[in-house]
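Structure provided below as structure tokens; questions to follow.
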Amino acid sequence: MALAPILRRASAAKNLFSLTRLAVGSSLSSRSLQTGASGDDSQSMSGYHVSSGGFMRGAVYREPNKPLTIEEFHIPRPKANEILIKTKACGVCHSDLHVMKGEIPFASPCVIGHEITGEVVEHGPLTDHKIINRFPIGSRVVGAFIMPCGTCSYCAKGHDDLCEDFFAYNRAKGTLYDGETRLFLRHDDSPVYMYSMGGMAEYCVTPAHGLAPLPESLPYTESAILGCAVFTAYGAMAHAAEIRPGDSIAIIGIGGVGSSCLQIARAFGASDIIAVDVQDDKLQKAKTLGATHIVNAAKEDAVDRIREITGGMGVDVAVEALGKPQTFMQCTLSVKDGGKAVMIGLSQAGSVGEIDINRLVRRKIKVIGSYGGRARQDLPKVVKLAESGIFNLTNAVSSKYKFEDAGKAFQDLNEGKIVSRGVVEIL
């Protein structure tokens, strides 16, 4: 059951994700941003206030398999309990790539990017004073891609990862939770949708519940991955896999999220940590991130090798971080009786995974999906893991890009050239 057939690099054209520029000025206009701004310096547009005093650039996806474009926007304005952030860095994730290739439907045009770090610039009018005190102007923050509303039935139970408004508005419509985007183009005021906060831009607006303070000791660039790659891995290990000290685990697919799972599993005390991939460079990197064993599925049967490593039993937990039907099956076949198969890889819309029903029933195999962590409780913990050095941020980021090279970053990701995680610097 080699992984090679489903992990073969896409034969996309060389410039598929090259980035072009539209109406980009040489510098941003300056304007004063005040806490709780009333919008007096703005013009009304369908009930929303568009800034008239400042502009920014953002990376825009318009249609599948076309280059990103850098376009100029009005600096967005936050509403109640939202925060405007000067973006410092944004991670390069396969979720964005799925959208850019048309594999996952999403509203367009949109600004991509969903794992960010930055500096607080403005609070929306009528923002709760506790939020203002926690995130004062000038403070450093990291943003999670799941931005909980804090008030729906799931958020009320602490299940931020199932937030109703996030899925109903942002993922379904490309807006924030009043049903409106915060992004409007400079040249004609037309709206542009937001993938999460639309973080691949010089400024972004995010609900405050999706943020956590970023200590001065942590760098902006590397810390951007805390908001998705590490956040997703933590959610999978803590809430879905429920890793306990001494557990054995196999992680299939050692990209940005899979490699983060290695470090989180090690932090949780897992014993045998098996990394599975088809690229030797990623597997060698996995050894530095906590893997005790590596398996190149292009050269040997992954399931057989996992069982051999575990004395014929299989692992307590297997994690699928690719979103492929074949690796879905491999994940379920790699766990021991009573074991748990955790699915965290997104797939092309409509993809279906198969499972041996009799084995599922007779051997009490558990299959569970995990989309991400719970921002209000997990994001601060993820930051602490990085601050203490338990999670090695420097080792987790393998490629850095300038903002103007965002298109090349996604091209490299599409071609398998990013060993662990790439980050675009927007400093």
Side-chain angles (χ1 to χ4, degrees), residues 17-31 33 42 45 48-63 66-78 82-93 95-97 99-100 106-119 121-122 141 143 145 147 170 173-176 180-207 210 220-221 224 227-228 401-411 422-427:
F17 299 110
S18 61
L19 189 147
T20 58
R21 298 168 179 80
L22 297 181
V24 180
S26 58
S27 63
L28 293 177
S29 302
S30 62
R31 90 174 164 95
L33 295 170
S42 305
M45 179 180 176
Y48 184 78
H49 293 289
V50 178
S51 164
S52 60
F55 308 99
M56 70 165 194
R57 298 176 299 165
V60 180
Y61 155 78
R62 289 190 171 273
E63 56 182 305
K66 297 292 184 180
L68 291 174
T69 54
I70 286 185
E71 304 185 33
E72 277 203 331
F73 293 81
H74 297 279
I75 291 179
R77 300 297 299 275
E82 297 173 356
I83 294 180
L84 175 65
I85 296 166
K86 173 66 182 78
T87 315
K88 298 294 186 178
C90 182
V92 180
C93 180
S95 297
D96 296 301
L97 188 60
V99 170
M100 293 166 61
F106 193 79
S108 64
C110 72
V111 171
I112 58 165
H114 58 271
E115 54 178 6
I116 61 143
T117 53
E119 179 183 332
V121 176
E122 181 182 12
V141 293
F145 79 95
M147 310 171 299
N170 189 263
K173 300 178 181 179
T175 70
L176 292 186
E180 296 182 1
T181 181
R182 303 294 181 264
L183 297 175
F184 296 87
L185 291 173
R186 176 182 182 179
H187 73 282
D188 65 359
D189 292 342
S190 61
V192 172
Y193 299 106
M194 309 162 66
Y195 192 69
S196 289
M197 72 289 290
M200 198 67 74
E202 291 172 315
Y203 291 84
C204 64
V205 169
T206 185
Y220 275 125
T221 298
C228 177
Y401 302 85
K402 296 179 180 178
F403 178 53
E404 293 76 12
D405 296 326
K408 183 180 186 304
F410 283 102
Q411 179 178 317
V423 177
V424 172
E425 297 178 306
I426 318 178
L427 300 171

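This one's a predicted model, so the numbers in the text were calculated from it and none came from an experiment. The figures that follow rest on heavy atoms only: side chains count, while hydrogens, waters and symmetry mates do not.
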remark   = One should read off an interatomic distance between F145 CZ and C228 SG, to the nearest 0.5 angstrom, of 5.0 Å
Short side-chain to backbone donor-acceptor contact, T181 and V192, under 3.5 Å = yes
query = Are side-chain heavy atoms of Y203 and I85 found at a separation under 4.5 Å?
reply = no
request  = With sequence neighbours left out, write down each residue that passes ring pair (Phe, Tyr, Trp, His ring centres under 6.0 Å) with Y401, or none if nothing qualifies.
outcome  = none
remark   = Across all chains, not counting sequence neighbours, the side chain to side chain contact (heavy atoms under 4.5 Å, CB included) partners of T117 are K88, A89, V142, L214, Y220, S223, A224
note = Heavy-atom closest pair (G113 atom, C90 atom, distance to 0.1 Å) is CA-SG, 3.6 Å
inquiry  = For a side-chain contact (heavy atoms from CB on, under 4.5 Å) check, start with the C-alpha distance between Y61 and D96, then their side-chain angles and the critical distance, and finish with the verdict.
reply    = CA-CA 9 Å; Y61 155 78; D96 296 301; over 6 Å; no
query = At their closest point, which heavy atom of I426 faces which heavy atom of G199, and how far apart are they?
reply = CD1-O, 3.8 Å
ask   = Roughly how far, to the nearest 0.5 Å, is the CZ atom of F184 from the CZ atom of F73?
value = 10.5 Å
request  = Report the residues that fulfil side chain to side chain contact (heavy atoms under 4.5 Å, CB included) with T175, sequence neighbours left out, ordered by chain and then residue number.
outcome  = Y169, K173, Y193
key: Interatomic distance, M100 atom CE to Q411 atom CD [nearest 0.5 angstrom]   = 9.5 Å
ask   = Is the closest side-chain heavy-atom distance between M147 and L176 below 4.5 Å?
value = yes
query = So do the side chains of L183 and P76 get within less than 4.5 Å of each other, counting heavy atoms only?
reply = yes
inquiry  = Ignoring hydrogens, what is the shortest heavy-atom contact between V424 and A409? Give both atom names and the distance.
reply    = CG2-CB, 4.2 Å
key: Close side-chain approach of R62 to S108, heavy-atom, < 4.5 Å   = no
query = Quick one: does D189's side chain get under 4.5 Å of H74's, heavy atoms only?
reply = yes
ask   = Tell me, do R182 and M197 make a side-chain contact under 4.5 Å, heavy atoms counted?
value = no
inquiry  = I'd like to check the side chain to side chain donor-acceptor pair (under 3.5 Å) partners of T206; sequence neighbours left out, ordered by chain and number.
reply    = none
query = Step by step, would you call I75 with L84 a side-chain contact (heavy atoms from CB on, under 4.5 Å)?
reply = CA-CA 9 Å; I75 291 179; L84 175 65; 3.9 Å; yes
remark   = The ring pair (Phe, Tyr, Trp, His ring centres under 6.0 Å) partners of Y195 (sequence neighbours excluded) come to F106, H114
inquiry  = For a salt bridge (charged side-chain N to carboxylate O under 4.0 Å, His left out) check, start with the C-alpha distance between E71 and R186, then their side-chain angles and the critical distance, and finish with the verdict.
reply    = CA-CA 8 Å; E71 304 185 33; R186 176 182 182 179; over 6 Å; no
Counterpart residues, side chain to side chain donor-acceptor pair (under 3.5 Å), relative to E119 (two or more places apart) = none
remark   = Between A201 and V111, the two heavy atoms sitting closest are CB-CG1, 4.3 Å
query = Quick one: CD on E82 to SG on C204, what's the gap to the nearest 0.5 Å?
reply = 11.0 Å
Separation of I112 CD1 from C93 SG (nearest 0.5 Å) = 10.0 Å
ask   = Taking N170 for the side chain and M194 for the main chain, is one N or O donor matched with an acceptor at less than 3.5 Å?
value = yes
Euclidean distance, E404 CD relative to I70 CD1, rounded to 0.5 Å = 5.5 Å
note = For M200 and F410, the nearest pair of non-hydrogen atoms, with its separation, is CE-CE1, 3.9 Å
